[in-house]
Amino acid sequence: MKVRITLFGALRDADARGFIELEAPDSCTIGELRELLRNHLREHAPNISAGLVQRSAFASEDEILHNHRALPENGQLAVLPPVSGG
Amino acid sequence: MQQIFSVSIFADFRALKYMTDLHTAVIDICDGVLNPADALAFVSDPRFGGIDMFIGKVREHNLGRVVTGISYDLFEPLALRTFEEIGERARRKFGSPMKLYIAHAKGELRIGDIAVIVAAGTAHRDEAFKACRLAIEAVKHEAPIWKQEHYTDGDSAWSEGCSLCEEHREAEQRGKAHDHGH
């Protein structure tokens, strides 16, 4: 399935469009998607550190999705680097 | 049948009442500014003798560098949901009646602009202080909001922040405790 990952904060520097699209297996978990994203960034955005992806969370519009969770059926996700509001 | 119907009405009333006791907002700085008077008006209530408000503003120095402004980036739907969850948590912990106001700015802010307002109204001061503190700390550490500081030399930097990744947080807790000074 095609997965669209919306970028925020420091991860916006990874793609000027504000999102990254990846092809992922239907049975993919969030933990596996994290690896796919890390590999993608290593090739296409080497300025983004692997550590930043490791510290980032994935989320739908409703909740944080931890590593064991399956991808949302609509293939829409956000990747959230460490937060710093206020 | 009549009895079930009245229970349903009662439940709906309670839900409606709860919604009117919590105000959450993300305000794009292009559309308007955060206004403490709005927060004060919202949490004011004849039942309440205590009101506490936290106002977070953009300051001109951070970590020894002169700041000219801050850009705030938000994942808005999840930020609003997080604010609602924080409101529910405050109510569970400190009880009701309580009114809570949580609003955060989005976009390019200048020095002195208001970035965040949290206000709590309760019967007595103790719950108001505690609910306000709980809410602002949770907004800073849990809401999907990112701060990019701009400096006089033209450089910019995203603040380090708190990880929302459960696996990373657990690893962090096994090692060195995270500094929540920010």
Side-chain angles (χ1 to χ4, degrees), chain A residues 3-20 28-38 41 45 47-72 74-86, chain B residues 26 54-59 62 70-86 102-106 114-118 135-149 156-172 178 180 182:
Chain A
V3 180
R4 177 181 279 220
I5 305 170
T6 307
L7 306 168
F8 290 96
L11 284 172
R12 280 190 184 274
D13 294 341
D15 195 309
R17 297 174 302 171
F19 65 86
I20 287 172
C28 190
T29 64
I30 294 294
E32 289 160 348
L33 182 70
R34 185 186 299 278
E35 284 307 307
L36 291 176
L37 178 62
R38 204 154 48 180
L41 294 177
N47 55 318
I48 302 292
S49 79
L52 181 58
V53 178
Q54 202 61 28
R55 292 194 303 277
S56 297
F58 288 84
S60 67
E61 290 193 351
D62 298 316
E63 59 176 337
I64 302 292
L65 301 169
H66 298 300
N67 278 348
H68 66 278
R69 296 282 298 272
L71 299 184
N74 65 6
Q76 305 280 326
L77 285 159
V79 62
L80 316 179
V83 298
S84 53
Chain B
V26 170
F54 175 83
I55 301 171
K57 300 178 85 173
V58 178
R59 67 170 183 265
N62 193 34
I70 290 181
S71 302
Y72 281 99
D73 189 17
L74 285 94
F75 183 26
E76 201 164 323
L78 187 59
L80 288 168
R81 190 162 283 271
T82 305
F83 294 169
E84 286 166 15
E85 193 280 323
I86 291 167
I102 304 174
H104 204 289
K106 174 183 178 179
I114 296 178
V116 60
I117 297 179
V118 171
I136 185 57
E137 297 298 336
V139 166
K140 288 177 78 74
H141 301 139
E142 298 172 27
I145 302 171
W146 299 272
K147 180 191 304 190
Q148 186 184 34
E149 290 180 339
S156 295
W158 291 97
S159 293
E160 292 255 329
C162 289
S163 176
L164 298 180
C165 173
E166 186 180 54
E167 292 80 6
H168 181 76
R169 283 189 162 191
E170 285 170 359
E172 208 171 49
H178 175 71
H180 277 110
H182 58 86

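Sequence lines set the chain letters: A, B, ... in the order given, protein chains first and strands last, and positions in each chain run from 1.
- Neither the backbone nor the side chain of B:I117 comes within contact range of chain A, judged by heavy atoms closer than 4.5 Å.
- Counting heavy atoms of neighbouring residues, nucleotides and ligands inside a 6.0 Å radius, atom CD of A:E61 does not exceed 12 of them.
- For the set B:A157, B:C165, B:P144, the count of heavy-atom pairs under 4.5 angstrom toward chain A peaks at B:C165.
- B:E142 places none of its side-chain heavy atoms less than 4.5 Å from the side chain of A:V83.
- For a residue to count as touching a neighbouring chain, one of its non-hydrogen atoms must lie under 4.5 Å from one of that chain's; by this rule A:Q54 touches chain B with the backbone only.
- Contact of A:S60 with chain B is made through the backbone alone, with heavy-atom distances under 4.5 Å.
- Looking at B:Y72, only its side chain comes within 4.5 Å of chain A, counting heavy atoms on both sides.
- More than 12 heavy atoms of other residues, nucleotides or ligands sit less than 6.0 Å from atom CZ of A:R38.
- Proximity to chain A is limited to the side chain of B:W158, based on heavy atoms less than 4.5 angstrom apart.
- Atom CZ of A:R55 is separated from atom CG of B:L164 by 12.5 Å, given to the nearest 0.5 angstrom.
- With respect to chain B, the highest number of heavy-atom pairs below 4.5 Å among A:L65, A:D62, A:I30 belongs to A:D62.
- Annotation for A:S84 and B:G161: closest pair CB-CA, 4.1 Å, computed over non-hydrogen atoms.
- Looking at A:R12 and B:D73, their side chains come closer than 4.5 Å, going by heavy atoms from C-beta outward.
- With a threshold of 4.5 angstrom between heavy atoms, B:E166 approaches chain A through its backbone and through its side chain.
- Per-residue heavy-atom pair counts under 4.5 Å with chain B were compared for A:P81, A:G31, A:S56, and the maximum is reached by A:P81.
- Closest of all the heavy-atom pairs between A:G86 and B:H104 is N-NE2, 2.9 Å.
- Classification of the B:F75-A:F8 ring pair by plane angle, with boundaries at 30° and 60°, yields tilted.
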